[in-house]
Amino acid sequence: MEADHALISSHCRRQYGLISRAQAFDAGMTRHQVQRQLDTRRWRATAPGVYLDTAVPETPHSRLLAACIAHGGLASHRAAAALHGIDGFRLVRPEIVVAPGRGRSASGVRLHRSTQMNLARPVPREGIPCTGLPRTMLDLAAVVDRRRLESALDCVLRKERLTCKDLHEVVVSHSRQGRNGLTRLRSVLDDRCGDDPVPLSDWSRWVSDLLVESGLDRPALEYRVHDAAGGLLAQVDLAYPGRRMAIELDSVRWHHNRESFTGDRRRRNKLQAAGWDVLNFTWEDYSDRSAELCAVVAKTLAAA
């Protein structure tokens, strides 16, 4: 049987320059021919039973796919979050999940074993087999801290990639005693999926958490203020509606242009004319003077 070089080239093109030993044999190559490719350095072994065409540069994607092929796994956890485009995650180190008894520890690869591979609902992402987005969120809950999980959850809800119902379903379907990540994801869902809308930025959520930690009530997020006739006056970042107090967070990215400069002040005037107190804070107020920020909010609430 003569080797099908077109098929071999097709595998390499689709797989970031990679081909597995099994694919090479299926394409008609012999063991001697495979070894010849290695001896002449046209290929090099990049994972057990997986070869990289040396004419193609190795990348984080090729390393991740090589790990998936070699161990029969799926990109998972932080690697899957990067492939799914969740804010704050970059594809750096290969991270995969495999069934018990599959895969061996490999240098540079984070390897997870799961008895719930049948619930992973794999999807291809950028040519790499990957855990489905709901399962990825559950896996993330097991390996990142609460703040990073909250940011990831806000991202997928804000972009309408998932709903709270989707996330509750993945918790229920994976529920078993000792399942890593369940308790943390369930807790975050209880906090995030109430009546408040998803904030337009992580910063709004962080300021809300800061105010609660200082002893104040939790403000409403993305609150819509209406006039007496029911018309929309403004949507503010955070608000204490019962005290008619709004908090606006000003960033260089969104507010330092002529349109925003003018619009922000018109909105503020409308709110003040309607009897609302408006506080404006910058990132430096939050990061460098957080105690002062909380004190100003507390004083304004007390006066209101």
Side-chain angles (χ1 to χ4, degrees), residues 77-78 81 86-89 136-159 162-164 167-168 171 180-225 234-255 264 267-268 271-272 275-304:
H77 297 73
R78 285 154 289 215
I86 298 176
D87 295 345
F89 291 90
T136 297
M137 293 301 301
L138 177 58
D139 288 339
L140 274 182
V143 296
V144 302
D145 61 31
R146 183 182 177 95
R147 171 169 282 193
R148 203 169 183 199
L149 178 62
E150 289 172 339
S151 294
L153 182 62
D154 283 343
C155 173
V156 298
L157 293 176
R158 183 167 58 241
K159 295 179 179 179
L162 292 175
T163 65
C164 287
L167 291 160
H168 281 296
V171 167
N180 291 338
L182 273 176
T183 300
R184 179 175 291 169
L185 181 57
R186 186 183 290 116
S187 173
V188 171
L189 283 174
D190 288 344
D191 289 344
R192 289 292 184 265
C193 292
D195 294 330
D196 275 351
V198 180
L200 297 181
S201 75
D202 289 335
W203 186 18
S204 296
R205 181 73 72 185
W206 297 343
V207 172
S208 173
D209 290 343
L210 175 69
L211 294 173
V212 172
E213 289 166 6
S214 75
L216 296 171
D217 292 336
R218 185 173 294 280
L221 296 167
E222 305 301 336
Y223 187 77
R224 297 168 70 85
V225 181
Q235 178 169 312
V236 297
D237 296 322
L238 304 103
Y240 288 95
R243 307 292 183 87
R244 300 176 75 80
M245 193 190 88
I247 299 173
E248 291 280 64
L249 304 177
D250 296 337
S251 69
V252 172
R253 179 180 182 186
W254 297 115
H255 296 269
D264 290 346
R267 185 169 66 251
R268 183 186 182 102
L271 289 169
Q272 289 177 329
W276 280 68
D277 290 314
V278 183
L279 299 178
N280 290 77
F281 297 109
T282 65
W283 174 259
E284 286 71 23
D285 292 324
Y286 168 73
S287 62
D288 301 335
R289 296 180 291 275
S290 59
E292 182 179 336
L293 183 157
C294 294
V296 170
V297 173
K299 184 176 180 179
T300 306
L301 285 173

Output side-chain donor-acceptor pairs under 3.5 Å for residues 206-217, partner residues at least two apart or in another chain, one line each.
| residue | atom | partner | partner atom | Å |
| --- | --- | --- | --- | --- |
| Ser208 | OG | Arg218 | NH1 | 2.8 |
| Asp209 | OD1 | Arg218 | NH1 | 2.9 |
| Asp209 | OD1 | Arg218 | NH2 | 3.4 |
| Ser214 | OG | Leu211 | O | 2.7 |

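- The distance from atom CG of Leu138 to atom CG of Leu149, rounded to the nearest 0.5 Å, is 9.5 Å.
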Identify all side-chain donor-acceptor contacts of residues 291-303 below 3.5 Å with residues at least two apart in sequence or on another chain.
| residue | atom | partner | partner atom | Å |
| --- | --- | --- | --- | --- |
| Thr300 | OG1 | Val296 | O | 2.8 |

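- Residues that satisfy the side-chain contact (heavy atoms from CB on, under 4.5 Å) test with Asp288, not counting sequence neighbours, are Glu284.
- Of all the heavy atoms in Asp285 and Asn280, the pair that sits closest is OD2-O, 4.4 Å.
- For the side chain to side chain contact (heavy atoms under 4.5 Å, CB included) criterion with His77, the lone passing option out of Asp139, Thr136, Val144 is Asp139.
- Although no hydrogens or angles enter the test, the distance criterion places a donor-acceptor pair under 3.5 Å between the side chain of Arg268 and the main chain of Val278.
- Nearest heavy-atom pair across Arg146 and Ser187 is NH1-OG, 3.0 Å.
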Show, in sequence, the C-alpha distance, side-chain angles and deciding distance for Leu153 and Leu189, and conclude whether the side chain to side chain contact (heavy atoms under 4.5 Å, CB included) test is met. CA-CA 9 Å; Leu153 182 62; Leu189 283 174; 4.1 Å; yes
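- Contact check on Arg267 versus Glu248 returns a salt bridge, with a Lys/Arg side-chain nitrogen under 4.0 Å from an Asp/Glu carboxylate oxygen.
- When atom types are taken as modelled, the side chain of Asp87 and the backbone of Cys155 share no donor-acceptor pair closer than 3.5 angstrom.
- Residues Leu167 and Leu162 approach most closely at CD2-CD1, 3.8 Å, considering heavy atoms.
- Residues Ala246 and Val236 approach most closely at CB-CG1, 3.8 Å, considering heavy atoms.
- For the pair Arg289 and Phe281, the cation-pi criterion (under 6.0 Å, within 45° of the ring axis) is not fulfilled.
- In this structure, Arg148 CZ and Arg78 CZ are separated by 7.5 Å, a value rounded to the nearest 0.5 Å.
- Between atom OH of residue Tyr240 and atom CG of residue Asp277 there is a gap of 13.5 Å, rounded to the nearest 0.5 Å.
- Taking all atoms of both residues into account, the shortest heavy-atom contact from Phe89 to Ala81 is CG-CB, 3.7 Å.
- Atom CZ of Arg184 is separated from atom CG of Leu140 by 10.5 Å, given to the nearest 0.5 angstrom.
- To the nearest 0.5 Å, the span separating CG on Leu238 from CZ on Arg205 amounts to 9.5 Å.
- Ile247 contributes atom CD1, which lies 9.0 Å from atom CG of Asp237 (distance to the nearest 0.5 angstrom).
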